Amino acid sequence: QVQLEESGGGLVQAGGSLRLSCAASGRTFMITMGWFRQTPGKEREFVAAISWSGASVDYADSVKGRFTISRDNAKNTISLQMNSLNPEDPAVYYCAARPRAGPRRVDYDYWGQGTQVPVSS
């Protein structure tokens, strides 16, 4: 079993920055890890994903150039550096993981509880 715990959420002003982290515990050899987000009334959407080595990353078009995903396998953590936050970014952000490669925008086995990221204008 794998547990994922997000941290770092909180109120930030539009144009500001925030860094989210996700710590994995339990069975921690997660080849693919990623971030998703969800707002009320909408489906959860892909934000970013990263491979085990960190050499392969993928971003949603809406965050490309503003968000950066990274991972530290020694600490079993991934992070999401979010810059230039805008009014379309507020959501609950979820960490996701799976012990295999494959398309990085779907098919995750494990999810965190989510962390809220509100953005004030």
Side-chain angles (χ1 to χ4, degrees):
Q1 195 60 285
V2 175
Q3 293 78 44
L4 303 174
E5 183 172 1
E6 303 94 342
S7 61
L11 182 64
V12 62
Q13 284 189 327
S17 298
L18 197 65
R19 187 177 182 87
L20 303 182
S21 294
C22 172
S25 59
R27 178 189 173 196
T28 55
F29 189 66
M30 296 293 113
I31 292 179
T32 307
M33 297 188 73
W35 290 95
F36 289 73
R37 66 187 182 185
Q38 188 171 23
T39 54
K42 293 187 177 181
E43 293 188 357
R44 192 173 299 183
E45 66 173 1
F46 169 79
V47 174
I50 188 167
S51 62
W52 173 259
S53 68
S56 295
V57 294
D58 188 17
Y59 295 98
D61 288 344
S62 59
V63 307
K64 199 172 294 183
R66 300 187 297 121
F67 291 11
T68 302
I69 189 171
S70 60
R71 70 187 293 167
D72 183 338
N73 292 332
K75 296 181 180 179
N76 298 319
T77 61
I78 63 168
S79 297
L80 185 69
Q81 178 65 42
M82 306 186 292
N83 298 328
S84 302
L85 286 161
N86 63 46
E88 296 176 347
D89 295 320
V92 177
Y93 283 72
Y94 296 90
C95 176
R98 66 172 186 238
R100 61 190 175 278
R104 285 186 283 274
R105 301 192 177 201
V106 295
D107 195 26
Y108 285 82
D109 297 335
Y110 305 103
W111 295 86
Q113 292 299 307
T115 185
Q116 190 86 26
V117 178
V119 177
S120 65
S121 56

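All values below were derived from every heavy atom in this structure, side-chain atoms included, with hydrogens, water molecules and symmetry-related copies excluded. For clarity, every value in this text was computed on a predicted model and none was experimentally measured.
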Are Phe36 and Trp111 near enough that their ring centres are under 6.0 Å apart? yes
hydrophobic_cluster_shared for Val47 and Ile69, side chain cutoff 4.5 Å: yes
Side-chain heavy-atom pair Asp89, Val117 within 4.5 angstrom cut-off: no
Taking the inter-plane angle between the rings of Phe67 and Tyr93 on a 0 to 90° scale, is it parallel (under 30°), tilted (30 to 60°) or perpendicular (over 60°)? tilted
With a 3.5 Å distance limit and no angle check, can you tell me whether Gln81 reaches the backbone of Arg19 through a side-chain donor-acceptor pair? no
Decide yes or no on side-chain contact (heavy atoms from CB on, under 4.5 Å) for Arg66 and Asn86, but give the supporting numbers first. CA-CA 10 Å; Arg66 300 187 297 121; Asn86 63 46; 3.4 Å; yes
Measure the CD-CD distance between Gln3 and Gln113 for me, rounded to the nearest 0.5 Å. 10.5 Å
To the nearest 0.5 Å, what is the distance between CE on Met33 and CG on Leu4? 5.5 Å
Kindly indicate whether a cation-pi arrangement holds for Arg104 with Phe46, taking the cut-offs as under 6.0 Å to the six-membered ring centre and within 45° of the axis. no
Return the minimal non-hydrogen interatomic distance between Ala97 and Tyr108, and the atom names on each side. N-CD2, 3.4 Å
Under the side-chain contact (heavy atoms from CB on, under 4.5 Å) criterion, do Leu11 and Ser120 qualify, and how do the steps go? CA-CA 7 Å; Leu11 182 64; Ser120 65; 4.0 Å; yes
Report yes or no: does Ser51 contribute a side-chain atom to a donor-acceptor pair with the main-chain N or O of Ser56 at less than 3.5 Å? yes
Any donor-acceptor pair under 3.5 Å from Gln116 side chain to Val92 backbone: no
Atom CD of Glu5: over 12 foreign heavy atoms under 6.0 Å: no
Nearest heavy-atom contact between Pro90 and Pro118 is CB-CA, 4.2 Å
Interatomic distance, CD@Gln1 vs CG@Asp109, rounded to 0.5 Å, equals 10.0 Å
Answer yes if the ring centres of Trp52 and Phe29 are under 6.0 angstrom apart, and no otherwise. yes
Which value, rounded to the nearest 0.5 Å, describes the distance between Glu43 atom CD and Gln38 atom CD? 8.5 Å
To check you understand the geometry: which heavy-atom pair defines the closest contact between Ala48 and Leu80, and what is its length? CB-CD1, 4.2 Å
To the nearest 0.5 Å, what is the distance between OG1 (Thr32) and CD1 (Ile50)? 10.0 Å
Please identify each residue that fulfils side chain to side chain contact (heavy atoms under 4.5 Å, CB included) with Lys64, with sequence neighbours left out. Tyr59, Asp61
So does Asp107 pair up with Arg98, basic N to acidic O under 4.0 Å? no
Contact check, side chains of Ile78 and Ser21, non-hydrogen atoms, under 4.5 Å: no
Are side-chain heavy atoms of Ile31 and Pro99 found at a separation under 4.5 Å? no
Report yes if some heavy atom in the side chain of Leu20 is under 4.5 Å from a heavy atom in the side chain of Glu6; otherwise report no. no
Going through the distances and angles, do Leu85 and Leu18 end up as a side-chain contact (heavy atoms from CB on, under 4.5 Å)? CA-CA 8 Å; Leu85 286 161; Leu18 197 65; 4.0 Å; yes
So how far is it from Cys22 SG to Trp35 CH2, rounded to the nearest 0.5 Å? 5.0 Å
Does a side-chain heavy-atom distance below 4.5 Å link Arg37 with Arg44? no
In this structure, would Tyr94 and Val63 fall into the same cluster of hydrophobic residues linked by side-chain contacts under 4.5 Å? no
Could you go through Thr77 and Asp72, starting from their C-alpha distance and side-chain angles, then the distance that decides it, and tell me whether this counts as side chain to side chain donor-acceptor pair (under 3.5 Å)? CA-CA 5 Å; Thr77 61; Asp72 183 338; 5.0 Å; no
